[in-house]
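Each remark here refers to the structure printed beneath this line.
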Amino acid sequence: MKKVMNDPQNIVQEMLLGMEASAPGFLKKLNGFDVIVNKDLKEERVTLISGGGSGHEPAHGGYVGKGMLDAAVAGPVFTSPGPDQILEGIKAIDKSKGVLIIIKNYSGDVMNFQMAVEMAEMEGINTDFVIVNDDVAVGESSQRRGIAGTVFVHKIAGARAITGASLKEVKETAQKAINNVRSKGIALDPCILPHNGQPSFQISSDKMEIGLGIHGEPGIKQTEVLTAREIAEDLVISLKEDLGLETGEKIAVMVNGLGATPLMELQVLFNEVAMLCQNSGIKIIKTYIGNYMTSLNMAGLSLTFLRTDQDLADLLNAPVCTLSFR
Amino acid sequence: MKKVMNDPQNIVQEMLLGMEASAPGFLKKLNGFDVIVNKDLKEERVTLISGGGSGHEPAHGGYVGKGMLDAAVAGPVFTSPGPDQILEGIKAIDKSKGVLIIIKNYSGDVMNFQMAVEMAEMEGINTDFVIVNDDVAVGESSQRRGIAGTVFVHKIAGARAITGASLKEVKETAQKAINNVRSKGIALDPCILPHNGQPSFQISSDKMEIGLGIHGEPGIKQTEVLTAREIAEDLVISLKEDLGLETGEKIAVMVNGLGATPLMELQVLFNEVAMLCQNSGIKIIKTYIGNYMTSLNMAGLSLTFLRTDQDLADLLNAPVCTLSFR
Amino acid sequence: MENNVFPKKLIIETLRRMKTEISKQKGYLTELEAKIGDSDHGINLDRGFSEVESELPSLENKCIGEILKKVGLILMSKVGGAAGALYGTAFLFAGKELEGKESLNKDDILQAFIKALEGIKSRGGAVLGDKTMIDTLEPVVKYLEDNSGYVETREGWVRITGVAWQGMESTRDLVAKKGRASYLGERSRGHLDPGAVSCYFLIKAMGEGKD
Amino acid sequence: MENNVFPKKLIIETLRRMKTEISKQKGYLTELEAKIGDSDHGINLDRGFSEVESELPSLENKCIGEILKKVGLILMSKVGGAAGALYGTAFLFAGKELEGKESLNKDDILQAFIKALEGIKSRGGAVLGDKTMIDTLEPVVKYLEDNSGYVETREGWVRITGVAWQGMESTRDLVAKKGRASYLGERSRGHLDPGAVSCYFLIKAMGEGKD
Ligand SMILES: Nc1ncnc2c1ncn2[C@@H]1O[C@H](COP(=O)(O)OP(=O)(O)O)[C@@H](O)[C@H]1O
Ligand SMILES: Nc1ncnc2c1ncn2[C@@H]1O[C@H](COP(=O)(O)OP(=O)(O)O)[C@@H](O)[C@H]1O
Ligand SMILES: [Mg+2]
Ligand SMILES: [Mg+2]
Ligand SMILES: [Mg+2]
Ligand SMILES: [Mg+2]
């Protein structure tokens, strides 16, 4: 096991302290809690919180800032934070206009965030939540995981929230983004967990996984290593079908690296995606290529399509000031 | 070997096409050449070009855009482009106010870029160049490599160029940045080359390399795997000494991932760096944490310090519009 | 002490044994979950039970109900993930049932088990056969409903542990319907569910205190 | 043809043999460079010489000087890196020396070698003993200055190749002073320099055409 770290027990805390120190102008770590908040939160408005297990950096702390999230709660690596941590985050950003909680669809996250919601309600804080389930690799949609598409939901809901919209409106906007976003991933190699130095799954050197999650778990099927072109075809077809995308429609695209994938490979993949979209008359209005929702040092990527109307496009393009999204 | 790619022969071209497609608003690939240029280059001013072997993404194409580079030339993986490619880039951005060429200090880069300069001069283009040699791991300074600190030089020279300064002034500014920037890196694991699928060097699972370059080459010495704290101490001491940094001085810091290092680890390292700087009374005015100058999928990082006066700080903070720096 | 009464001291010892057992099985649980999940189950539980252990001294003068509720909150907070929410809820529910008690009898224990199962089911929405910790716990609860006296003897616990073991083993051939393993669909078949396994170890650790 | 005249056809054949040899040694060169550099030397040269080979048909009606200059430009453009600049310059310089020639004699060959070495030294600034391709080439040039007639016989080329081999071998114990390996300092000792090795293979390929 090789990692740049001190004691693995403290890795999340030290990461958050490093994050805070790197952006003293606008980020603050809550004392005693693994929560990063937007420190100059002055306006009385609906505020947004998200989070989950760590290991997905820059998610979620990298998305805290004006125009996006107001707080991010960081659990241990790949492990949802407990409700006490989440509650503390909610309390820290509550401006009595309501707090929207953006949850990725994993049993652990959903249970812990919902417990926090219950606790917040008991403390008289007005909250509501949405659950992101963009991963088309998993069949049934109630079971679908939340993966990289979640970042678009953060951005769009965040852009709505600073317009002073009501909790109901911000939630509706977030849900609209969720309804229009789909993702699917592939992995070439597992990640290495800091706590035990073991690969998260076993895979031979000539195989890859299709339809994996972002927690180092294997995918839904294994194949030979495909070419960039074949991968792009598989992913684009899945996303297009699931979204029911038609000629003339507009989308934003994210090619998301899982942590150890050279940007070169992400750009090669995007080149294929762009050609496929052009061939089927789908217009890409904005492109994001990079590490947005990672899985430690997993080798692989995911592709996300967000179908955009003018409203979603404007929200996506609205100004934002965070460490890792713009 | 597992890479998201088609034929390794075409990987650089496909990457550049993907890059162009991802930013149709402001990037263009020169037809028939592996050169990315800022496509709306209207002002008559000094223009900037850099480049080198590929595999360092987002360097260098990610730094093309308003306020930074005007062109980036991409050689094959880890291989300097030939002078013909570089010349084409120079010609594409020449606005007859002079072209400044920013070269990283590697025999291959220096030779090829200098040949291009000679050819450009023969075609009547007014050019000059600077050589970045920020890597303190290598003893003698004329031999020192150019690594992540180069990105600061791009930014600062680019910010000067758009003020309409003369070629001489832009060069002086770039040289000032070079004189004040130092870097040093460590690696935990080698990268895998797309052309042969082999690791770039061998290292056992309990060792790390100190003072490595960005071409997958090994470092100047091997040690046990150190903790983040120990690594930070080694790097900070080297940079401070070499820069002769004193209490009260101000610096910009870059913690640069080499491609396969989780952001989490970069932030943990920065946390240590920030504490060490605080303890010695050095003020960090700006922090960059992420993958800026990579080595394909090498695991490791480099630390860069840029000593800043008001002038350099202003240039660093000046607006910029590129894919990968802001 | 009488054989049919479980004083607080024994409960606290049981919690300590749970921690010891989980620490011992941490690596095994991680390995198991590498096959069908995210490999953190053992690490998470170990973190949580270690915290429980270090908090125990400060809890000793509380009633059993309070102790278990506090254990539930610690697990929720420190284990995190699905297991933290679920085991946390289980202890919380059990604790609520045992409010004010300084010792337990077999009926108390049965009721606590029933509530714990209820908590897990209501929190996670899974049912028997979904390849979760429920597949270990529910058969045990059913068994205790008919044989609550077994908690009073060492031999009884051997039987109870055997039922837990069978429940755990039953998950091997199931396709997961809840939790992370459910994403694997058919690929989840052929592997034990880590939560079902940890639940077996916890029940085993309970029984080992009976002499 | 006379034994002491080298017609253009033979030069072109030699270039083809160089390409074949480099392709064959690509993996070996990569392995060598993995120890002290960035593992691309073999790949780079192979890319360059493959392009040379595919351009050869279009060059056949040019003079030897033009052919070698064009080869130099192709290597510069397609090999890239240090070796592209250096071998490119070497061929360019040699070509300039052979302007207008349709066949070469031993003096032409000697002069071409001298110029090639000059090109490499002026472009890269390295000297003998810096652990570079110069350590192979310079002894060969020195040797030819005294024995230029050796280029006319098969046995002569065996000797020349032997000198190249010794030069190449001399790099094993050197500490690199130029190029990428120089960053390794003392750690570069004990390994052959890949450029010195490729230079040996190119010279070997030249000699193998002589019958
Ligand atoms: N909805 C659920 N109901 C009951 N048990 C569940 C549920 N979801 C997950 N589990 C149990 O939790 C275990 C995984 O726990 P753990 O690895 O700690 O959480 P995570 O899935 O967040 O990584 C599974 O093996 C399973 O037994
Ligand atoms: N300044 C120089 N003078 C002479 N030869 C050099 C010089 N720099 C490098 N070389 C030669 O080039 C070889 C490396 O070539 P190559 O791997 O293609 O280039 P790069 O270093 O750009 O990766 C070295 O082994 C050495 O023989
Ligand atoms: Mg987990
Ligand atoms: Mg190279
Ligand atoms: Mg788990
Ligand atoms: Mg090389």
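Numbered from 1 within each chain, the chains take letters A, B, ... in sequence-line order.
B:I186 touches chain A through its side chain: at least one heavy atom from C-beta onward sits under 4.5 Å away, while N, CA, C and O do not. A:Q13 does not touch chain B: none of its heavy atoms, backbone or side chain, sits under 4.5 Å away. A:K286 does not touch chain B: none of its heavy atoms, backbone or side chain, sits under 4.5 Å away. Interface remark: B:Q278 contributes no atoms to any contact with chain A (heavy atom separation under 4.5 Å). For A:L301, the part lying under 4.5 angstrom from a heavy atom of chain B is the side chain only. Contacts of B:I231 with chain A are made by side-chain atoms alone, with heavy-atom separations under 4.5 Å and no backbone atom involved. For B:A21, the parts sitting under 4.5 Å from any heavy atom of chain A are the backbone and the side chain alike. If you measure heavy-atom distances from B:L16 to chain A, you find no contacts under 4.5 Å at all. Neither the backbone nor the side chain of A:I284 comes within less than 4.5 Å of any heavy atom in chain B. Only the side chain of A:V77 has a heavy atom closer than 4.5 Å to any heavy atom of chain B.
Residue with the most contacts toward chain A among B:T261, B:V268, B:L226: B:V268 (heavy-atom pairs, distance under 4.5 Å). The choice from B:S22, B:A260, B:A274, B:G259 that makes the most heavy-atom pairs within less than 4.5 Å of chain A is B:S22. The most heavy-atom pairs under 4.5 Å with chain B, out of A:E57, A:M19, A:E230, come from A:E57. Residue with the most contacts toward chain A among B:N10, B:T227, B:V253: B:T227 (heavy-atom pairs, distance under 4.5 Å).
To the nearest 0.5 Å, atoms CG (A:L263) and CG (B:N297) are separated by 12.5 Å. Atom CD of A:E20 and atom CZ of B:F270 lie 10.5 Å apart (nearest 0.5 Å). Note that CD of B:E272 and CG of A:L17 are 9.5 Å apart. Values are rounded to the nearest 0.5 Å. A distance of 9.0 Å separates CG in A:N6 from CG in B:L269, rounded to the nearest 0.5 Å.
Annotation for B:Q222: atom CD counts as buried by contact number, over 12 foreign heavy atoms lying within 6.0 Å. The 12-atom threshold is not exceeded at NZ of A:K66, counting heavy atoms of other residues, nucleotides or ligands nearer than 6.0 Å. Within 6.0 Å of the NZ atom in B:K221, the count of heavy atoms belonging to other residues, nucleotides or ligands does not exceed 12. The environment of NZ in A:K28 is sparse: at most 12 heavy-atom neighbours from other residues, nucleotides or ligands sit within 6.0 Å. Sparse packing is recorded around CG of B:N31, with 12 or fewer heavy atoms of other residues, nucleotides or ligands lying under 6.0 Å away.
Contacts between residues 287-294 of chain B and chain A, counted as heavy-atom pairs separated by less than 4.5 Å, involve B:T287, B:I289, B:N291. The interface of residues 317-326 of chain B with chain A, defined by heavy-atom distances below 4.5 Å, comprises B:T322, B:L323, B:S324, B:F325, B:R326.
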As a quick check of understanding, evaluate side-chain contact (heavy atoms from CB on, under 4.5 Å) for A:L296 and B:M264, giving each step before the final call.
CA-CA 8 Å; A:L296 291 172; B:M264 174 183 276; 4.2 Å; yes
Walk me through whether B:K2 and A:D189 qualify under side-chain contact (heavy atoms from CB on, under 4.5 Å).
CA-CA 8 Å; B:K2 298 194 207 171; A:D189 275 309; 3.4 Å; yes
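With hydrogens and angles ignored, the 3.5 Å screen pairs a side-chain donor or acceptor of A:E265 with a backbone N or O of B:V4. Checked by atom type and distance alone, the side chain of B:Q267 never pairs as donor or acceptor with a backbone atom of A:G18 at under 3.5 Å.
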